[in-house]
Every structure is written in structure tokens, then in C-alpha cells.
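All values below come from the heavy atoms of this structure, side chains included, with hydrogens, waters and symmetry mates left out. Here, residue 1 is the first one in the sequence, and each next residue gets the next number.
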Amino acid sequence: MENTPPDCPPPCSPGTRGRVLVVDDDPTVAEVVVGYLHRAGYAVEQAEDGPAALGRFAARRPDLVVLDLMLPAMDGFEVCRRMREHGPVPVIMLTARGDEEDRILGLETGADDYVTKPFSPRELVLRVDSVLRRARAAAPADGTGPLSGGGLSLDPASRQASRDGRGLALTLREFDLLAFLLRHPGKAFGREELMREVWGWDFGDLSTVTVHIRRLRGKVEDDPARPRLIRTVWGVGYRLDPAPESPRTEARPPAAPAVPPAGGRSR
């Protein structure tokens with residue numbers, strides 16, 4: 001992880017852009033992350049383990065949490081799960097593990113994004129900016145009315161989603177991704193386009209999109225292994241089919257007229 005100061009305009013006053021809780025038991029990592037976030041204009045609180053993080057979270061809920069996965073006593077998965085029990089809060093998870101299963105578990109417990117160590121502090125600040133921007137854009141001022149299709153119903157104002165009347169527990173990114181696809185039914189998007197339009201990034205790990213699509217299918221599809229709503233378009237990306245065709249028996253072509261045997265005549 002780099003320690004050099006970022007090449008950027010003069011810093012904003014700390015606290016003008018929101019409050020961030022940084023949870024990491026490595027003092028070197030925590031010091032660098034806090035410094036960069038302060039310089040970017042965020043008010044920052046620190047915690048070095050799960051219980052301390054939950055205490056600070058309960059005392060005053062932050063706008064966003066930067067949460068290390070490998071913590072003593074209580075790992076980041078459990079901390080994230082307990083925080084999300086008290087309501088939605090954007091979470092960026094830091095992890096030294098690059099395994100897809102860890103990413104999926106992190107997203108499942110409510111993390112909105114993850115950054116793999118070692119990482120650039122400047123990139124982390126950009127991720128914080130992006131996640132908060134998306135969270136704030138999700139407010140009713142968004143002006144977007146309810147969305148529906150394929151049995152799905154989304155209300156961007158209340159951030160509620162359902163399928164066939166059954167409520168869906170979606171993370172911030174899952175909701176935004178599904179809303180974007182519902183706004184463009186039948187149109188295929190590449191992973192780069194989805195990352196740019198939904199995440200607001202022009203760079204990043206494209207497997208982030210893949211993992212979110214997989215998680216979303218697990219919540220909206222009858223059979224995630226054979227998706228009928230969120231389709232894979234090979235060589236392109238993904239497409240939402242709001243009215244998938246029901247399985248049906250193929251019509252048989254009409255029988256060909258009988259051909260008389262060679263040399264014979266029809267009767």
C-alpha cells in the first residue's frame with residue numbers, strides 16, 4: 001500500500017463530506033486510510049476490533065464504514081451482519097483474501113463493495129466517494145417512480161423491492177443494479193458498462209459485477225442455475241428479460257405428403 005501524499009487539490013475541511021468509521025487492527029493501515037480520508041474532507045473515527053466498532057456505531061451511526069475482514073475476537077463478516085441488523089449503512093470491506101467465496105460472503109452479509117489488500121489509498125477514497133454518492137442518489141429526490149417487470153416491483157423512493165409480492169432483501173448495490181436493468185429491459189450491457197453506470201467507476205475489478213449478478217440471481221430467479229430474468233448474453237454481458245417466455249411444447253411441423261414407391265402409382 002502506498003504512503004505518498006496524493007496529487008490532488010488542497011484538502012477539504014474534515015467532516016464536510018460525511019462521517020466514516022474505519023475498522024482495522026493494523027495501526028499502519030488504519031493511520032494511512034484515516035489520513036487520506038481526512039484529506040479528502042471526511043470526519044473519521046477509528047476502531048481496532050469488532051466490539052469497539054459496534055460500540056462506536058451504536059453511539060453515532062456513520063455515513064459509511066470501512067471494515068477489515070480479518071479482525072481479532074469478531075471477524076468483519078459478523079461485525080457487518082450486526083451493523084446491518086440496525087438498518088442500512090454503506091460498508092466497504094477490506095480483505096487480504098482474494099477468493100470469490102469470501103467476496104460473495106461479504107456481499108451476502110451486506111457489504112456494498114470490497115477492496116483487496118494491498119490497495120492504493122487513493123483508490124479507496126474514490127471507492128468511498130462512489131459508494132456514498134450512490135447511497136445519497138438513492139434518496140426520494142431521485143425523482144424516479146416505481147419500476148416493475150417480470151414479477152419484480154421496485155420503489156426507489158422507499159428502497160423496497162419484491163417479487164410476486166414477496167419482499168426481497170437487497171443490498172445497496174443489488175438494488176441499484178436491478179433498478180438499472182429494469183429501466184432498460186431487453187437491452188444487453190457489458191460488465192464495463194454496468195460498472196460505469198451502476199458503480200460510477202471507470203476502472204476496477206470486473207468480477208465485482210459478476211458476483212453481484214450471481215447474488216441477485218439467487219434472490220430473484222426461481223432457479224438461479226437456469227436464469228430466466230437476468231440472462232447472460234455471451235460475448236456481451238447481461239440482459240433483463242422482464243417477460244420471459246413460459247416453457248411450452250414445440251409445435252410439430254405438418255406431416256409431409258406420402259411419396260409413392262418408385263415405379264408405383266398412388267391409390
Side-chain angles (χ1 to χ4, degrees), residues 92-93 98-116 123 126-127 130-131 133-135 137-138 142-156 159-251 253:
I92 296 178
M93 196 165 279
D99 295 342
E100 185 171 313
E101 290 303 316
D102 288 325
R103 297 176 182 180
I104 292 173
L105 184 54
L107 296 171
E108 183 178 20
T109 55
D112 299 288
D113 194 9
Y114 58 85
V115 177
T116 304
E123 179 181 346
L126 292 176
R127 298 285 187 98
S130 175
V131 170
R133 184 166 59 247
R134 297 298 304 181
D142 182 47
T144 302
L147 302 166
S148 63
L152 297 166
S153 297
L154 270 71
D155 185 351
R159 302 294 286 183
Q160 292 183 323
S162 64
R163 170 139 193 245
D164 298 329
R166 176 178 55 87
L168 298 173
L170 303 179
T171 66
L172 174 70
R173 290 294 190 195
E174 289 169 352
F175 189 99
D176 290 342
L177 177 57
L178 186 56
F180 179 80
L181 293 173
L182 276 171
R183 290 189 185 104
H184 303 88
K187 183 176 180 180
F189 292 94
R191 292 190 301 170
E192 295 88 349
E193 291 178 279
L194 291 172
M195 178 163 281
R196 183 172 59 253
E197 297 294 335
V198 178
W199 276 257
W201 307 339
D202 290 319
F203 62 92
D205 185 353
L206 294 179
S207 66
T208 299
V209 178
T210 306
V211 171
H212 276 78
I213 289 287
R214 183 177 302 177
R215 292 295 312 159
L216 197 52
R217 281 172 169 167
K219 297 179 180 182
V220 306
E221 298 281 1
D222 292 327
D223 183 357
R226 296 176 177 82
R228 300 182 59 79
L229 287 169
I230 303 176
R231 304 285 192 118
T232 297
V233 181
W234 298 109
V236 180
Y238 305 99
R239 179 187 72 233
L240 178 73
D241 287 342
E245 295 182 0
S246 300
R248 64 177 184 271
T249 304
E250 293 186 2

Do [X] and [Y] touch side chain to side chain, with heavy atoms closer than 4.5 Å?
X	Y	value
Arg183	Pro156	yes
Lys219	Leu170	yes
Arg173	Val131	yes
Val236	Glu193	no
Arg166	Leu168	yes
Leu177	Val209	no
Asp241	Leu229	no
Lys187	Arg239	no

Rounded to the nearest 0.5 Å, what's the gap from [atom1] on [X] to [atom2] on [Y]? Could you check?
X	Y	atom1	atom2	value
His212	Thr210	NE2	OG1	11.0 Å
Arg191	Leu194	CZ	CG	10.0 Å
Ser148	Asp155	OG	CG	11.0 Å
Leu216	Glu221	CG	CD	8.5 Å
Gln160	Ser153	CD	OG	11.0 Å
Leu126	Arg133	CG	CZ	9.0 Å

What residues, two or more places apart in sequence or in another chain, satisfy salt bridge (Lys or Arg N to Asp or Glu O under 4.0 Å) together with Arg226?
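Applying salt bridge (Lys or Arg N to Asp or Glu O under 4.0 Å) to Arg226 gives Asp223.
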
Run Arg159 and Asp176 through side-chain contact (heavy atoms from CB on, under 4.5 Å) and show every step you take.
CA-CA 9 Å; Arg159 302 294 286 183; Asp176 290 342; 3.1 Å; yes

Please name all residues satisfying ring pair (Phe, Tyr, Trp, His ring centres under 6.0 Å) with Phe189, sequence neighbours left out, ordered by chain then number.
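Per chain and number, Phe189 pairs via ring pair (Phe, Tyr, Trp, His ring centres under 6.0 Å) with Phe180, His184.
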
Looking at every heavy atom in both Ala188 and Val233, which two are closest together, and how far apart are they?
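Heavy atoms of Ala188 and Val233 come nearest at CB-CG2, 3.9 Å.
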
For residues Gly186 and Pro242, report the shortest heavy-atom separation together with the two atoms involved.
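Residues Gly186 and Pro242, closest heavy atoms: N-CD, 4.3 Å.
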
Whether Glu192 and Arg196 form a salt bridge (side-chain N of Lys/Arg under 4.0 Å from carboxylate O of Asp/Glu) is what I want to check.
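Between Glu192 and Arg196 there is no salt bridge, as every charged N stays at least 4.0 Å from the carboxylate O atoms.
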
Is Arg163 reaching over with its side chain to a backbone N or O of Leu152, donor-acceptor style, under 3.5 angstrom?
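Flag not set: sc Arg163 to bb Leu152 has no pair under 3.5 Å.
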
According to side chain to side chain contact (heavy atoms under 4.5 Å, CB included), who are the partners of Thr232, at least two apart in sequence or on a separate chain?
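Per chain and number, Thr232 pairs via side chain to side chain contact (heavy atoms under 4.5 Å, CB included) with Arg217, Trp234, Tyr238.
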
